[in-house]
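This report concerns only the one structure given below.
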Amino acid sequence: MFDDALKQALAVDLGQSPFLNIVSDNKVRATLKEMTRGPGERLTDEVAREVCQRTGSKAFISGSVAGLGSQYVIGLNAINCSTADPIARAQVQAASKEKVLDALSSSSAKLRGELGESLRSVQQFDVPLDQAMTPSLEALKSYSLGRKQSSAAAIPFYERAIALDPNFAAAYARLGTMYRNIGQPVKGMEYISISPRPTSSASTRANEISSASPPLTTC
């Protein structure tokens, strides 16, 4: 089962595609509330399918990570909301924990192709995760934990993410926003202004996605 860090990374990767529509995390939480479920409830395939149907979506993505000795196998399945039938699959092996994000990015690109996106589009809108977000899985985990906290409580998590990866632009942006939220706008703007700038329009789109609410379900 994917943890929150990998869900965030997958959201950014899939969100680069102009071919896919993504249901936002806020919409997922609102739908879970309509289902009388908690906003933080784990999205099993059964729950995700109902969310998918209620939001008028066509499919949802089920992800898995399995250990294979010192290696990891990353799998992604696109499942039809109406029939529960798999419509596309992708699987990539990572040589080590440090390569999991690279493997996830490759798996995401393969899945996009299996879903019908052209090779040209996938190549054009496929900023590697180490450029779109961070090459550090630990920094990404800290960032993802920060997203679950209130503004003041989130600050140490974003600070740790930046300490682990000083080029983690989305973490700077979120940290700046948190300081502004707690009444320290000057300090907030300092972090926002020193945030590393993306080098391409695709990188800019990926950073905007990672700084916003992460999408969890594909349409």
Evaluation steps, ring-ring contact (aromatic ring centres under 6.0 Å, His included), between Tyr143 and Phe157: CA-CA 6 Å; Tyr143 175 87; Phe157 292 99; over 10 Å; no

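Comment: Arg49 does not engage Asp45 in a salt bridge, judged by the lack of any side-chain N to carboxylate O separation of less than 4.0 angstrom.
Counting all heavy atoms, side chain and backbone alike, Ala94 lies closest to Lys99 at CB-O, 3.7 Å. Of all the heavy atoms in Arg112 and Ser121, the pair that sits closest is NH2-O, 3.8 Å. Between Glu138 and Arg160, the shortest heavy-atom contact is O-NH1, 4.0 Å. Ile192 approaches Ala173 most closely through the heavy-atom pair CG1-O, 4.2 Å. Among all heavy-atom pairs drawn from Pro156 and Ala152, the shortest one is CD-O, 3.7 Å.
Hydrophobic clustering places Leu115 together with Leu104 (ILVMFWY residues linked when any side-chain heavy atoms are closer than 4.5 Å, directly or through intermediates). By the criterion of side-chain heavy atoms lying less than 4.5 angstrom apart, applied directly or through intervening Ile, Leu, Val, Met, Phe, Trp or Tyr residues, Met133 is not grouped with Leu145; the two fall into different hydrophobic clusters. Hydrophobic clustering keeps Val92 apart from Leu10 (ILVMFWY residues linked when any side-chain heavy atoms are closer than 4.5 Å, directly or through intermediates). By the criterion of side-chain heavy atoms lying less than 4.5 angstrom apart, applied directly or through intervening Ile, Leu, Val, Met, Phe, Trp or Tyr residues, Leu164 is not grouped with Val100; the two fall into different hydrophobic clusters. A chain of hydrophobic side-chain contacts below 4.5 Å, direct or via other Ile, Leu, Val, Met, Phe, Trp or Tyr residues, connects Leu111 to Phe19.
A donor-acceptor pair shorter than 3.5 Å can be found between the side chains of Ser96 and Glu98. Residues Ser136 and Thr134 bring no donor and acceptor atom of their side chains to less than 3.5 Å of each other.
Here the rule is side chain to side chain contact (heavy atoms under 4.5 Å, CB included) with Ser108, and of Ile74, Asp13, Val122 only Asp13 fits it.
In this structure, the side chain of Ser106 engages the main chain of Asp102 through a donor-acceptor pair within 3.5 Å. Panel note: side chain Gln184, backbone Tyr179; no donor-acceptor pair is recorded below 3.5 Å. Between the side chain of Gln93 and the main chain of Gln71, no donor-acceptor pair closer than 3.5 Å is present. With hydrogens and angles ignored, the 3.5 Å screen pairs a side-chain donor or acceptor of Tyr172 with a backbone N or O of Pro166.
Applying the side chain to side chain donor-acceptor pair (under 3.5 Å) criterion to Lys33, with sequence neighbours excluded, gives no partner residue.
Within 6.0 Å of CZ in Arg54 there are more than 12 heavy atoms belonging to other residues, nucleotides or ligands.
Residues Val23 and Thr31 form no side-chain contact, since every pair of their non-hydrogen atoms from C-beta on lies 4.5 Å or further apart.
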